[in-house]
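Reading through the structure tokens given below for one structure.
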Amino acid sequence: MIERTVQKNGLELSQLGLGCMRLSMNMTGTPVDKKESIATIHKALDSGINLLNTGDFYGDGDNEELIADALKDYDRDKVFISLKYGTFGNLMKGGNMVDVGPKNVKKYITASLKRLNVDYIDLYQPARIDIGIPLEETIGAISDLVDAGYVRHIGLSEVDADILKRAHVIHPISLVEMLYSITDETIEGELLPTARELGISVSAFGVLGLGKLFKAKDDSLVKMIYKLSAEKNISVSQFAHAWMLAKGNDIIPLVGARNVAQLEDSIQCVSVGLSDDDFSRIEEA
Ligand SMILES: NC(=O)c1ccc[n+]([C@@H]2O[C@H](COP(=O)([O-])OP(=O)(O)OC[C@H]3O[C@@H](n4cnc5c(N)ncnc54)[C@H](OP(=O)(O)O)[C@@H]3O)[C@@H](O)[C@H]2O)c1
């Protein structure tokens with residue numbers, strides 16, 4: 001069973017979150033089976049995961065409708081919905097357009113609340129910060145949504161330490177969503193120490209290298225991950241997620257499953273113990 005931990009800012013979150021992006025078509029181009037996607041969300045909730053990570057642009061709103069369908073027989077108040085808004089196109093491939101300022105945010109949240117069939121969003125996050133708009137205006141507009149009761153907490157996604165600090169002064173930031181994995185520990189330089197100083201937890205995406213961990217098999221680090229996983233008789237996915245869990249309970253890895261089988265496999269990471277020897281062999285590689 002996935003445990004819950006209370007974060008420094010009082011949020012009660014499961015050790016792992018479910019990344020819902022790949023449960024809808026269009027972000028990745030791979031067709032999906034809706035029944036399987038719903039079963040995956042149910043499996044996550046039944047296993048103790050309470051954090052569902054989505055975006056209004058995942059499947060152009062399909063992902064939110066999928067979550068609404070999945071939550072029909074569940075207690076919505078026990079689920080923590082983390083929602084990014086205001087971008088178009090593929091964020092990870094660049095060339096996307098961002099519209100996160102005050103002009104359209106009310107329109108976006110109204111549409112999201114409707115698609116999700118909920119009265120409030122637990123965590124509302126601009127998908128990226130538009131540096132062409134004063135930060136006070138972007139965060140201020142979401143803060144108004146908090147005052148109006150539509151949003152409980154404000155989060156950020158893929159920001160640097162400076163933006164995190166400045167935003168936190170405008171309105172407390174509850175969670176920051178960052179690319180963070182065994183193959184990409186960039187945030188350990190500045191962002192993570194800053195988040196820790198401010199008491200902000202990190203939800204980590206791309207734990208399997210955005211799915212690429214299983215492809216670059218000639219890389220020495222990837223080779224070592226495969227070797228250690230085989231020695232421990234666990235899957236590479238379990239190893240990669242266990243690695244993130246070992247970073248501290250303020251790091252919440254988002255499990256990017258496409259189906260129930262992948263989720264069932266990955267969540268077994270919670271019972272994987274990593275030794276000092278594992279750490280030094282990975283660091284060396
Ligand atoms: N804030 C942001 O900018 C941002 C960006 C990207 C994602 N996200 C969020 O983070 C979540 C996770 O990201 P992600 O899905 O791109 O990253 P990921 O976890 O690195 O990759 C997930 C992919 O790895 C493969 N996989 C998953 N479990 C597996 C298993 N047990 N065994 C073998 N292969 C497995 C699947 O690909 P195949 O089925 O193709 O093998 C799956 O689609 C997303 O759902 C989304 O909610 C946020």
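Computed from a prediction, not measured in an experiment: that's the story for all the values here. Remember, it's 1-based here, ligands and their atoms both numbered in the order they're listed. Here, residue 1 is the first one in the sequence, and each next residue gets the next number. Only this structure's heavy atoms are used, side chains among them; waters, hydrogens and symmetry mates stay out.
Checking Val32, Ile38, Thr40, Leu71 one by one against Leu66, the side chain to side chain contact (heavy atoms under 4.5 Å, CB included) holds for a single residue, Ile38. Checking each of Arg4, Met1, Glu3 against Ser14 for a side chain to side chain contact (heavy atoms under 4.5 Å, CB included) leaves exactly one that passes, namely Arg4.
Those atoms of ligand 1 that come under 4.0 Å of a heavy atom in Gly209, given as number and element, are 20 (O). Interface atoms of ligand 1 facing Cys20, defined by a heavy-atom separation under 4.0 Å, are 45 (O), 47 (O). Near Gly19, meaning under 4.0 Å from any of its heavy atoms, are these atoms of ligand 1: 11 (C), 44 (C), 45 (O), 47 (O). Below 4.0 Å from some heavy atom of Ser157 lie the following atoms of ligand 1, by number and element: 1 (N), 2 (C), 3 (O).
Residue-to-ligand polar distances place Asp265 within reach of ligand 1: an N/O pair is separated by less than 3.5 Å. Inclusion of Asn53 in the set of residues having an N or O under 3.5 Å from an N or O of ligand 1 is warranted. The distance criterion of under 3.5 Å between nitrogen or oxygen atoms is not met by Leu254 with respect to ligand 1. Residue Val255 has no nitrogen or oxygen atom sitting less than 3.5 Å from a nitrogen or oxygen atom of ligand 1, judged on distance alone. Between Phe205 and ligand 1, no N or O atom pair is found at a separation short of 3.5 Å. Here's the thing with Leu210: one of its N/O atoms is less than 3.5 angstrom from an N/O atom of ligand 1. Here's the thing with Glu158: none of its N/O atoms is less than 3.5 angstrom from an N/O atom of ligand 1.
For Gln125, the closest heavy-atom approach to ligand 1 does not fall below 4.0 Å. Residue Lys84 places a heavy atom less than 4.0 Å from ligand 1. Heavy-atom separations between Ser235 and ligand 1 are all 4.0 Å or longer.
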Evaluate Lys223 against Asp219 for salt bridge (Lys or Arg N to Asp or Glu O under 4.0 Å), listing each step before the verdict.
CA-CA 6 Å; Lys223 270 189 201 157; Asp219 181 275; over 6 Å; no

Show the numbers, then the answer: is there a ring pair (Phe, Tyr, Trp, His ring centres under 6.0 Å) between Tyr124 and Tyr85?
CA-CA 8 Å; Tyr124 205 46; Tyr85 76 93; 4.5 Å; yes

Verdict with supporting geometry, Glu185 and Lys247, salt bridge (Lys or Arg N to Asp or Glu O under 4.0 Å):
CA-CA 11 Å; Glu185 299 184 330; Lys247 296 281 177 176; 3.0 Å; yes

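Residue-level proximity to ligand 1 for Val207 is carried by the backbone, the only part with a heavy atom below 4.0 angstrom. Here Met21 has heavy atoms under 4.0 Å from ligand 1 in both its backbone and its side chain. With a 4.0 Å cut-off on non-hydrogen atoms, Gln262 touches ligand 1 through its backbone as well as its side chain.
In this structure, the side chain of Ser24 does not engage the main chain of Gly59 through any donor-acceptor pair within 3.5 Å. Between the Glu137 side chain and the Ile133 main chain, no donor and acceptor come within less than 3.5 Å of each other. In this structure, Arg76 contributes its side chain and Asp119 its backbone to no donor-acceptor pair below 3.5 Å. Side chain of Thr87 to main chain of Met97: a donor-acceptor pair is present (N/O by atom type, distance under 3.5 Å, no hydrogens or angles). The backbone N or O of Lys107 sits nowhere less than 3.5 Å from a side-chain atom of Asn104 that would complete a donor-acceptor pair.
Remark: Glu283 CD is packed, more than 12 non-hydrogen atoms of other residues, nucleotides or ligands lying under 6.0 Å away.
The closest heavy-atom contact to atom 15 (O) of ligand 1, among the options Arg22, Arg128, Gln238, comes from Arg22.
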